[in-house]
Every structure is written in structure tokens, then in C-alpha cells.
Chemist: 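What follows is a single structure, and I will ask about it in a moment.
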Amino acid sequence: MLHVLNHPLGAHILTHLRDRTTKPATFRTLAYQVGLLLALEATRDLATKDHIIDTPLEKVTSLVLARPLAIIPILRAGLGMVQPFTDLFPDVSVGYVGLERDHVTAVARSYYQKLPPLADKRVIVVDPMLATGGSAVQALDVLRAEGATELFFACIVASPEGVRVVEAAHPDVPIFTAALDRELNAKKYILPGLGDFGDRLYGT
Ligand code: PRP
Ligand code: URA
């Protein structure tokens, strides 16, 4: 269920996201661009239904999207992946789950939640960094409890440990990532990674 982006542009963008000299304004643009690639991958198999229209020349049965989409960024860094989805899917619903990792234990604490109805939708959780997997699993648990039945997870950098933890807790959830990195360090940061995504996105 792990899908690693395989696109030369994705690799190019990641190089500049990882570069410590990249400034927040450029970092935000790069996050948007790789978010577009991930949004396309995570929706490649969306259901469609017939829709009859008149072209200027004749009537034709064509296709439109059949199932509504919801995107749930994990605050705060997940906000950097929202606009690609709202630009591509204007009817998308957006909900929020606020989680923050404790700096010492790396365990995530919940501080905010605001969700649209989820039952009839493809629900894509977005969070750029999948490190220990604790934040992702907490968010997926919440969304399942709130009625989500079709859950996806999209991130920019994943660790092997994080992938294993999400797969163990939510084996039916496809994971889309732009990169699968080597490991976590002692402070549970991803190596080689790109540092603290939220801090680099917002210049904090
Ligand atoms: C970061 C990141 C993820 C989480 C990943 O958020 O955006 O949410 O860590 O780590 P995990 O897989 O070990 O749970 P952080 O807690 O730093 O908050 P922020 O988004 O507000 O910066
Ligand atoms: N959160 C981040 O922003 N970066 C990491 O490497 C791990 C968690």
C-alpha cells in the first residue's frame, strides 16, 4: 500500500526542499509543487460516472468525478499541502486535525479538530513528514471514529519506521510519499530528511 512518487520533477523539487539554504518563500512554493504531484497520484483511481453534454458539434456521454473528496491537513505543517488539492479539486471539503509532537518524547498531543462529514468521501490526510508514525496514526484513528471509510495518507518524506507503524495500525490505508528516507535519528527526525518542515515552511 506504499506508493513512492516516481517523477523526475518530484526528485528535483525534493533536492531543493532538503537544501538547508532554501528560504521559506521558496520552500512554500516547492511544497505546493510537490503537493500537486502527490494530489494527482493519490486521486489517480477516483471513481467517475457518465455525464451527458452537448459539445458544439454533438451530444456525447462523457465522465465527471463521482465521489466527493475531503482533505485533512494535520496542523500545522500539513497546511503546506492543502492548496494543491483545493486548486485541483474546487469542490473538496477541508477539515483540520491539530497535533503537535512533544520535543522530548516525540509523542503527538491533540489540540484542535474541525471536520466535515466524512462517511461518503475519499478522505486524504496530508502531513509532509511521516516520522515515528504517531501523528498519522492518531489522525487516522480520529477520522475513522468520525465515520471515514475510505482513508488515504499523503506525505512528502516518510521514514521506514513510520510506514511500518501506519501499515500495522491501518493496513487498508494507501500511503503516498514523494520520498522514502533512510531512518530516524535519536530525536526522531528523519534522515536525511529536510529538518522541521513546519519551521521551514513558516520561518519559525
Ligand atoms: C511534525 C510533522 C508531523 C509530525 C511527524 O509536526 O508535521 O505532524 O511531526 O512526526 P511523527 O510521525 O513522529 O508523529 P510537529 O509536531 O513538529 O508540529 P508542526 O506541524 O506544528 O510543526
Ligand atoms: N517532523 C518534522 O518536521 N521533521 C522530521 O524529520 C520529523 C518530524
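Just so you know, ligand 1 is whichever comes first in the structure, and atom 1 is the first atom listed for that ligand. One is the number of the first residue; the rest follow in order along the sequence.
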Chemist: Is it the case that the side chains of Ser159 and Asp181 hold a donor-acceptor pair, with the cut-off being a distance below 3.5 Å and no angle test?
Modeler: no
Chemist: Taking both backbone and side-chain atoms of Gly195, is any N or O found less than 3.5 Å from an N or O belonging to ligand 2?
Modeler: yes
Chemist: Report the nearest protein non-hydrogen atom to atom 5 (C) of ligand 2: residue, atom name, distance rounded to 0.1 Å.
Modeler: Tyr189 CD2, 3.4 Å
Chemist: What do you reckon, is CG of Asp50 surrounded by more than 12 foreign heavy atoms closer than 6.0 Å?
Modeler: yes
Chemist: Is the closest heavy-atom distance from Gly133 to ligand 1 below 4.0 Å?
Modeler: yes
Chemist: May I ask you to list the atoms of ligand 2 that are less than 4.0 angstrom from any heavy atom of Arg101?
Modeler: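 In order of numbering, the contacting atoms are 7 (C), 8 (C).
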Chemist: What do you reckon, does Met129 put a non-hydrogen atom under 4.0 Å from ligand 1?
Modeler: yes
Chemist: Please work out whether any backbone atom (N, CA, C, O) or any side-chain heavy atom from C-beta onward of Thr132 is under 4.0 Å from ligand 1, and answer side chain, backbone, both or neither.
Modeler: both
Chemist: What do you reckon, does Lys188 put a non-hydrogen atom under 4.0 Å from ligand 2?
Modeler: yes
Chemist: Within the distance-only criterion (no hydrogens, no angle test), does the side chain of Lys188 pair as donor or acceptor with the backbone N or O of Leu184 below 3.5 angstrom?
Modeler: no
Chemist: Heavy-atom contacts under 4.0 Å between Ala131 and ligand 1: side chain, backbone, both, or neither?
Modeler: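 For Ala131, backbone and side-chain atoms both sit under 4.0 Å from ligand 1.
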Chemist: Which heavy-atom pair separates Leu99 from Ala108 by the least distance, and what is that distance?
Modeler: CB-CB, 4.3 Å
Chemist: My question is simple, although I want it checked carefully: is atom 6 (O) of ligand 1 less than 4.0 angstrom from any protein heavy atom?
Modeler: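 Neighbour list for atom 6 (O) of ligand 1 is empty of protein heavy atoms (cut-off 4.0 Å).
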Chemist: Do any nitrogen or oxygen atoms of Phe197 come within less than 3.5 Å of a nitrogen or oxygen of ligand 2?
Modeler: yes
Chemist: Side chains of Pro73 and Val126, heavy atoms from C-beta outward: is any pair under 4.5 Å?
Modeler: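 Touching, per the 4.5 Å side-chain cut-off.
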Chemist: For atom 1 (N) of ligand 2, what is the closest protein heavy atom, and at what distance to 0.1 Å?
Modeler: Met129 CB, 3.9 Å
Chemist: Is the closest basic N to carboxylate O distance between Asp196 and Arg101 below 4.0 Å?
Modeler: no
Chemist: For the residue pair Arg76 and Tyr111, would you count it as a cation-pi contact if the rule is NZ or CZ under 6.0 angstrom from the ring centre and within 45 degrees of the ring axis?
Modeler: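 Because its charged atom misses either the 6.0 Å distance or the 45° angle limit, Arg76 does not stack over Tyr111.
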Chemist: Considering the options Asp141, Leu118, Val123, which one meets the side chain to side chain contact (heavy atoms under 4.5 Å, CB included) requirement together with Glu146?
Modeler: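 Among Asp141, Leu118, Val123, the one that satisfies the side chain to side chain contact (heavy atoms under 4.5 Å, CB included) with Glu146 is Leu118.
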Chemist: Does Ile190, backbone or side chain, put an N or O under 3.5 Å from an N or O of ligand 2?
Modeler: yes
Chemist: Under 3.5 Å between some N or O of ligand 1 and some N or O of Ala77?
Modeler: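 Yes, since at least one N or O of Ala77 sits under 3.5 Å from an N or O of ligand 1.
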Chemist: Would you say Arg144's side chain and Leu151's backbone share a donor-acceptor pair under 3.5 angstrom?
Modeler: no
Chemist: Tell me whether Pro128 reaches ligand 2 (any heavy atom closer than 4.0 angstrom to a ligand atom).
Modeler: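 No; Pro128 lies far enough from ligand 2 that no heavy-atom distance drops under 4.0 Å.
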